[in-house]
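Notes follow the structure.
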Amino acid sequence: MKPAPYSLSPEIIADYQRDGAVCIRGAFKGWVDTIAAGIERNLREKSATAVDIAGGVGSFFDDYCNWERIPEFGKVVRESPAASIAAGVMQSQTAQFFHDHVLVKEPGTQKATPWHQDIPYYFVDGQQTVSFWIPIDPVKEATLRLVAGSHKWNKLVLPVRWMDDGNFYAGEGDYLPVPDPDADPEMKVLEWEMEPGDAVLFDFRTVHGARGNLAPSRRRVLSLRWVGDDARYVERPGRTSPPYHGHNMQQGQKLREDWFPVVWDASAA
């Protein structure tokens, strides 16, 4: 089946382009049960990359790149409005799927997701990128937090390991230090209370983090990452996340479509 089209307002597109983040209410309301079933399957059938990064207090489950083996995720990628929305906010003719990421914080999990940008971890570069953060539980306390306009900073933020906040790559490199937006009044932090099926969309360069989950209920999230027309493969200082061993791409190439399918193409819509 073809992906479902979705009509975005000019205001949503403008907010995304200006702030590097936007919340779209109810876009995946009809997909909550499918996503929930996929997450439960993922929890039962973990991949080799699955980890718990809670540090022994609660549980923070993290796994990615499972959309081809978990049918519910594949269905969301190929048939939901995600691809259409992605192309719209990126202002791209195409939406090429990069990968999925499941994040489950159980009740009482104190571990916060550290402030970071996604793009320094990835082997892709470009101005047209978007990550979807789709909760299937109400989110009141364990919100996603994003620094407005940080996708336009002229340097990338130092990528760190979520387990221990150590450097992801060897050495400091030419990066900005990890910011503390709560201590910097110049930084505007965006965050939204959310209902199941809402989605926060943000640029791979947008600095973001998330609170721990001290609520009495779980916080289950499916994240979907997309790239647009200008995305190209780029070498990083070390092993990227996700690593995608054996991809054989070269600097400056478009991502190979047999691994990263173009799900939306406006010329064929």
Side-chain angles (χ1 to χ4, degrees), residues 8-25 53 60 86 88-91 101 103 105 109-122 124-135 139-169 171-194 198-215 219 221 223 225-228 230-231 234 236-237 241:
L8 291 170
S9 71
E11 291 77 17
I12 289 288
I13 295 171
D15 288 350
Y16 184 81
Q17 295 291 324
R18 182 191 66 239
D19 293 334
V22 71
C23 183
I24 301 180
R25 302 293 184 182
I53 59 175
F60 182 2
V89 296
M90 293 189 295
Q91 292 293 274
H101 191 176
L103 306 120
K105 287 186 179 179
T109 301
Q110 296 180 11
K111 174 72 173 179
T113 305
W115 291 104
H116 67 286
Q117 295 166 309
D118 285 344
I119 205 158
Y121 298 88
Y122 297 163
V124 67
D125 199 10
Q127 298 301 312
Q128 294 168 310
T129 65
V130 62
S131 182
F132 288 63
W133 196 86
I134 309 167
V139 176
K140 307 299 182 186
E141 293 90 354
T143 52
L144 183 66
R145 311 180 72 212
L146 310 103
V147 179
S150 53
H151 64 309
K152 298 179 180 178
W153 290 357
N154 59 9
K155 290 177 68 174
L156 298 179
V157 170
L158 178 71
V160 298
R161 299 184 182 280
W162 289 15
M163 291 287 285
D164 58 11
D165 295 333
N167 291 0
F168 188 77
Y169 300 121
E172 293 293 329
D174 188 26
Y175 295 105
L176 294 171
V178 177
D180 183 0
D182 292 318
D184 189 338
E186 297 297 316
M187 294 186 187
K188 178 184 177 182
V189 176
L190 305 173
E191 58 183 316
W192 295 271
E193 292 188 355
M194 301 175 70
D198 293 345
V200 170
L201 279 61
F202 58 94
D203 190 287
F204 288 1
R205 285 182 168 80
T206 301
V207 174
H208 60 285
R211 301 183 188 277
N213 184 22
L214 302 182
R219 194 217 66 184
V221 169
S223 187
R225 282 77 188 262
W226 302 82
V227 298
D230 74 348
V234 65
R236 297 294 183 196
S241 176

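Quick note: residue numbers are just sequence positions, from 1. Note that the structure is predicted; figures quoted are calculated from it, not measured.
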Roughly how far, to the nearest 0.5 Å, is CG of L201 from CG of L146? 10.5 Å

Restricting to non-hydrogen atoms, name the atom on A86 and the atom on W226 that form the minimum distance, rounded to 0.1 Å. CB-CG, 3.7 Å

Just jot down the side chain to side chain donor-acceptor pair (under 3.5 Å) partners of S150, sequence neighbours excluded, or say none. none

Tell me every residue that passes ring pair (Phe, Tyr, Trp, His ring centres under 6.0 Å) with Y122, counting only those two or more places apart in sequence or in another chain. F98, H99, F204

Heavy-atom donor-acceptor pair, Y175 side chain to P120 backbone, under 3.5 Å: no

Return yes if some donor-acceptor pair links the side-chain N/O of N213 with the main-chain N/O of K105 below 3.5 Å, else return no. yes

Student check: side-chain heavy atoms of T113 and F60 closer than 4.5 Å: yes

Salt bridge (Lys or Arg N to Asp or Glu O under 4.0 Å) partners of D125, counting only residues at least two apart: R205

Check for a donor-acceptor pair, side chain of Q128 on one end and backbone N or O of A231 on the other, with a separation under 3.5 Å. no

Which heavy atom of W153 sits nearest to which heavy atom of M187, and what is that distance? CH2-CE, 3.8 Å

Roughly how far apart are I134 CD1 and M194 CE, rounded to 0.5 Å? 8.5 Å

Can you find a pair of side-chain heavy atoms, one from F202 and one from D19, that are under 4.5 Å apart? no

Hey, what do you get for CD1 (I24) to OH (Y16), rounding to the nearest 0.5 Å? 10.0 Å

Side chains of R219 and V139: does their closest heavy-atom pair fall under 4.5 Å? yes

If you take all heavy atoms of L144 and H208, which pair is closest and at what distance? CD1-CD2, 4.1 Å

Check whether any side-chain heavy atom of I119 lies under 4.5 Å from a side-chain heavy atom of Y121, and answer yes or no. no

So how far is it from R211 CZ to T109 OG1, rounded to the nearest 0.5 Å? 15.5 Å

Value rounded to 0.5 Å, distance of CG in D198 from CZ in R25: 5.0 Å

Mind listing the closest non-hydrogen atom pair of L103 and W133 along with its distance? CD1-NE1, 4.5 Å

Should W115 and V157 count as side-chain neighbours, where that means a heavy-atom distance under 4.5 Å? no

Return the set of residues passing side chain to side chain donor-acceptor pair (under 3.5 Å) with S131 (not counting sequence neighbours), or none when no residue passes. S223, R225

List for me each residue that meets side-chain contact (heavy atoms from CB on, under 4.5 Å) alongside K188, sequence neighbours excluded, and say none if there are none. A148, L190

Who are the side-chain contact (heavy atoms from CB on, under 4.5 Å) partners of E193, not counting sequence neighbours? K140

State which residues pass side chain to side chain donor-acceptor pair (under 3.5 Å) with D203; sequence neighbours excluded, sorted by chain then number. T129

Side chains of V207 and P179: closer than 4.5 Å at any heavy-atom pair? yes

E141 versus A215, closest heavy-atom pair with distance: OE1-CB, 3.3 Å

Q110 to L214 - nearest heavy-atom pair and separation: CG-CD2, 3.9 Å

Is there a side-chain contact between P10 and I13, using heavy atoms and a 4.5 Å cut-off? no

Applying side-chain contact (heavy atoms from CB on, under 4.5 Å), can you list everything that pairs with R18, at least two apart in sequence or on another chain? D15

Are the side chain of D230 and the backbone of G126 linked by a donor-acceptor contact shorter than 3.5 Å? no

Salt bridge (Lys or Arg N to Asp or Glu O under 4.0 Å): pairs with one or both residues in residues 142-151, sequence neighbours excluded: R145-D182, R145-E191

